[in-house]
Enquirer: 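Next up is a structure, given as structure tokens.
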Amino acid sequence: MAKLAGDKTSLLLAAALIFGGGAALLAGTSPDARAEALQASERIVSVGGAVTETLYALGLGSKVLAADTTSMYPAEAQALPKVGYLRQLSAEGVLGMRPDLILLGEGAGPAAAVEQIKSADLTVVEVGTPWTPDGVSNLIETVGAAAGNASNAREFAATVTAQFNELADAVPTTGKPSVLLVLNAGAGPLLGAGTNTAAEAVITLAGGRLALPTLDGYKPLSLEPVLAADPDFILIPSHVVMALGGPEALAEIDVISKTTAGREGRIIVADSLYLLGFGPRTPQAVADLADIFHPDADIPLAGREQAPSGRLTLTGI
């Protein structure tokens with residue numbers, strides 16, 4: 001039962017990561033009143049994996065009372081009381097924590113619960129997670145300012161921006177391998193990543209290209225176009241591998257097993273939040289992918305302790 005619960009949580013996280021992008025909105029009155037309220041924030045409910053990860057990266061984890069089920073990094077976040085899945089929040093659960101600050105990541109819902117949360121006499125900050133380097137920096141600064149640590153957040157955001165810039169200079173712009181990211185979101189066929197997705201953004205930043213560029217969003221996969229594209233790499237989240245039955249089960253899936261990438265050990269397995277979350281570790285994820293896509297290039301560490309970091313693994317069938 002524990003494994004099934006963990007798989008369900010991971011699938012919900014993937015679903016949350018599939019849909020994203022947006023802006024940041026601070027609810028409140030005058031700028032001075034908002035600043036006073038934010039500086040006093042000591043009891044935070046954090047909703048959204050990238051938002052929670054950012055709080056911990058800024059050293060603010062001790063202020064977090066509770067989080068949603070997509071908040072799976074760092075390990076301390078997994079032990080927090082949960083207020084529901086990102087898109088299925090319990091307004092009573094959020095408000096019952098008696099926070100003085102609520103951070104709502106992109107896609108928080110349902111609308112009725114969000115409206116109930118906003119109508120309470122509390123400070124609410126909605127935080128977007130655009131799939132761009134600037135979006136990551138803005139996320140860090142928004143979260144830091146909301147939690148009363150704006151100075152450190154600006155410094156950290158500048159570091160992350162520098163990492164992205166360093167990667168942009170180092171990642172080759174030619175010889176881009178074709179990459180197919182495979183997902184599932186519960187029952188139904190496997191989905192392939194197309195344009196306007198977090199997958200496209202991270203693959204592009206790492207010097208790759210979509211194997212199926214005619215797809216828009218995440219669409220069901222069929223064998224014929226996958227075989228025609230014959231991607232250089234298949235990218236698949238670790239929770240999907242487990243949900244399918246483990247690495248051994250990949251040999252039974254046509255859109256994986258019949259490709260050259262599958263047979264030749266070019267299946268990349270990665271954690272969803274690390275790869276698609278567009279949070280503070282995104283430069284590291286990009287660097288890990290770039291190391292695999294372009295093994296002869298001099299890819300910077302970009303915040304990794306070592307290269308490869310070990311967070312992405314190559315496997316075959």
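Every value quoted in this text rests on a predicted model; they were computed, and no experiment measured them. All values below were derived from every heavy atom in this structure, side-chain atoms included, with hydrogens, water molecules and symmetry-related copies excluded.
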Enquirer: Go through the steps for Ile102 and Ile117 under the test side chain to side chain contact (heavy atoms under 4.5 Å, CB included), then give the verdict.
Expert: CA-CA 9 Å; Ile102 301 167; Ile117 290 168; 3.6 Å; yes

Enquirer: Can you run down the salt bridge (Lys or Arg N to Asp or Glu O under 4.0 Å) pairs that involve residues 195-210, sequence neighbours left out, and say none if there aren't any?
Expert: none

Enquirer: Does the side chain to side chain contact (heavy atoms under 4.5 Å, CB included) test come out yes or no for Ile299 and Arg304, once each step is laid out?
Expert: CA-CA 11 Å; Ile299 304 299; Arg304 298 174 294 172; 4.1 Å; yes

Enquirer: Do Ile236 and Leu223 belong to the same hydrophobic cluster, where Ile, Leu, Val, Met, Phe, Trp and Tyr are linked whenever their side-chain heavy atoms lie under 4.5 Å apart, directly or via other members?
Expert: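 Ile236 and Leu223: one cluster.
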
Enquirer: Kindly write out the residues that satisfy side-chain hydrogen bond (donor to acceptor under 3.5 Å, both in side chains) with Glu264, not counting sequence neighbours, or none if the list is empty.
Expert: Arg266

Enquirer: Sequence neighbours excluded and cut-off under 3.5 Å, please list the side-chain donor-acceptor pairs for residues 164-178, or say none.
Expert:
residue : atom : partner : partner atom : Å
Asn165  : ND2  : Thr161  : O            : 3.4
Ser178  : OG   : Asp232  : N            : 3.0
Ser178  : OG   : Asp232  : OD2          : 3.2

Enquirer: Would you indicate whether the side-chain heavy atoms of Leu86 and Thr69 approach each other to under 4.5 Å?
Expert: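 With C-beta onward as the side chain, the pair stays apart.
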
Enquirer: Report the C-alpha separation of Asp100 and Thr123 in whole Å, then their side-chain angles, then the decisive distance to 0.1 Å, and conclude whether the side chain to side chain contact (heavy atoms under 4.5 Å, CB included) test is met.
Expert: CA-CA 6 Å; Asp100 53 35; Thr123 302; over 6 Å; no

Enquirer: Apply side-chain hydrogen bond (donor to acceptor under 3.5 Å, both in side chains) to Thr54 and list each qualifying residue two or more places apart in sequence or on a separate chain.
Expert: none

Enquirer: With rounding to the nearest 0.5 Å, note down the distance linking CD in Gln116 to OG in Ser90.
Expert: 8.5 Å

Enquirer: Are Ser46 and Val51 close enough that some pair of their side-chain heavy atoms sits under 4.5 Å apart?
Expert: yes

Enquirer: Is it true that the side chains of Thr259 and Asp230 contain a donor and an acceptor less than 3.5 Å apart?
Expert: no

Enquirer: Starting at CD1 of Ile203, measure out to OG1 of Thr197 and round the result to the nearest 0.5 Å.
Expert: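 Those atoms lie 7.0 Å apart.
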
Enquirer: Hey, does the side chain of Gln78 reach the backbone of Met72 with a donor-acceptor pair shorter than 3.5 angstrom?
Expert: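 Checking the backbone N and O of Met72 against the side chain of Gln78, a donor-acceptor pair under 3.5 Å is found.
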
Enquirer: Please give me the minimum heavy-atom distance between Gly128 and Leu139, naming the atom from each residue.
Expert: O-CD1, 3.9 Å

Enquirer: Do you know which two heavy atoms are closest between Tyr218 and Ala193, and how far apart they sit?
Expert: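 Smallest heavy-atom distance, with atoms named: CE2-CB, 3.6 Å.
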
Enquirer: Among pairs that include at least one residue of residues 285-317, which meet ring pair (Phe, Tyr, Trp, His ring centres under 6.0 Å), considering only residues two or more places apart or in two chains?
Expert: Phe233-Phe293

Enquirer: According to the salt bridge (Lys or Arg N to Asp or Glu O under 4.0 Å) rule, which pairs have a member within residues 238-260, sequence neighbours left out?
Expert: none

Enquirer: Judged by atom type as modelled, is there a donor-acceptor pair below 3.5 Å linking the side chain of Arg98 to the main-chain atoms of Arg43?
Expert: no

Enquirer: Could you list the residues that satisfy side chain to side chain contact (heavy atoms under 4.5 Å, CB included) with Ala157, not counting sequence neighbours?
Expert: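 Partners of Ala157 under the side chain to side chain contact (heavy atoms under 4.5 Å, CB included) test: Ser137, Ile140, Glu141.
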
Enquirer: For Ser238, what residues pass the side-chain hydrogen bond (donor to acceptor under 3.5 Å, both in side chains) criterion, not counting sequence neighbours?
Expert: none

Enquirer: Quick one: side-chain hydrogen bond (donor to acceptor under 3.5 Å, both in side chains) partners of Thr195, sequence neighbours excluded?
Expert: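 Applying side-chain hydrogen bond (donor to acceptor under 3.5 Å, both in side chains) to Thr195 gives Asp216.
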
Enquirer: With heavy-atom distances below 4.5 Å as the criterion, would you say the side chains of Pro247 and Val241 are in contact?
Expert: yes

Enquirer: Check whether any side-chain heavy atom of Leu210 lies under 4.5 Å from a side-chain heavy atom of Val179, and answer yes or no.
Expert: no

Enquirer: Of all heavy-atom pairs between Asn184 and Leu190, which one has the smallest distance, and what is that distance?
Expert: CB-CD2, 3.8 Å

Enquirer: Could you tell me if the side chain of Leu101 sits less than 4.5 Å from the side chain of Leu122, heavy atoms only?
Expert: no

Enquirer: In residues 306-317, what donor-acceptor pairs under 3.5 Å come from side-chain atoms, sequence neighbours left out?
Expert:
residue : atom : partner : partner atom : Å
Ser309  : OG   : Asp288  : OD1          : 3.3
Ser309  : OG   : Asp288  : OD2          : 2.5
Ser309  : OG   : Arg311  : N            : 3.2

Enquirer: How far apart are the closest heavy atoms of Ser257 and Arg263, and which atoms are they?
Expert: O-CG, 3.6 Å

Enquirer: Quick one: are Leu183 and Pro237 in side-chain contact, heavy atoms under 4.5 Å?
Expert: yes

Enquirer: Val182 versus Leu191: any side-chain heavy-atom pair under 4.5 Å?
Expert: no

Enquirer: Can you name the closest pair of heavy atoms from Pro300 and Ala287 and give their distance?
Expert: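 Closest heavy-atom pair between Pro300 and Ala287: O-CB, 3.8 Å.
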
Enquirer: Given side chains that start at C-beta, do those of Asp68 and Lys82 come closer than 4.5 Å, heavy atoms only?
Expert: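 A side-chain contact is absent here, since even the closest heavy-atom pair is not under 4.5 Å.
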
Enquirer: Rounded to the nearest 0.5 Å, what separates atom CG in Leu180 from atom CD1 in Ile267?
Expert: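 Taking CG in Leu180 and CD1 in Ile267, the distance rounds to 10.5 Å.
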
Enquirer: Examine distances only and state if a side-chain atom of Lys118 and a backbone atom of Val124 form a donor-acceptor pair shorter than 3.5 Å.
Expert: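 Such a contact is absent between Lys118 side chain and Val124 backbone.
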
Enquirer: Return the CG to CG distance between Leu289 and Leu205, rounded to the nearest 0.5 Å.
Expert: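 It comes to 9.5 Å.
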
Enquirer: Do Leu301 and Phe156 share a hydrophobic cluster (ILVMFWY, side-chain heavy atoms under 4.5 Å, transitive)?
Expert: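 Per the 4.5 Å side-chain linkage, Leu301 and Phe156 are not co-clustered.
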
Enquirer: In Å, rounded to the nearest 0.5 Å, how long is the span from CD1 of Ile268 to CD1 of Ile234?
Expert: 10.0 Å

Enquirer: Please list, chain by chain and in numerical order, all residues satisfying side chain to side chain contact (heavy atoms under 4.5 Å, CB included) with Ala77, sequence neighbours excluded.
Expert: Thr52, Tyr56, Pro74, Leu80

Enquirer: With a cut-off of 3.5 Å and sequence neighbours excluded, list every side-chain donor-acceptor pair involving residues 275-283.
Expert:
residue : atom : partner : partner atom : Å
Arg281  : NE   : Glu53   : OE2          : 2.7
Arg281  : NH2  : Glu53   : OE1          : 3.3
Thr282  : OG1  : Phe278  : N            : 3.4
Thr282  : OG1  : Gly279  : N            : 3.0
Thr282  : OG1  : Gly279  : O            : 3.0

Enquirer: OG of Ser119 to CG of Leu95: how many Å apart, nearest 0.5 Å?
Expert: 7.5 Å

Enquirer: Could you walk me through whether Leu244 and Leu250 pass side chain to side chain contact (heavy atoms under 4.5 Å, CB included), step by step?
Expert: CA-CA 7 Å; Leu244 293 173; Leu250 298 180; 4.2 Å; yes

Enquirer: If you compare all heavy atoms of Gly84 against all heavy atoms of Leu89, which two are closest, and at what distance to 0.1 Å?
Expert: O-CD2, 4.2 Å

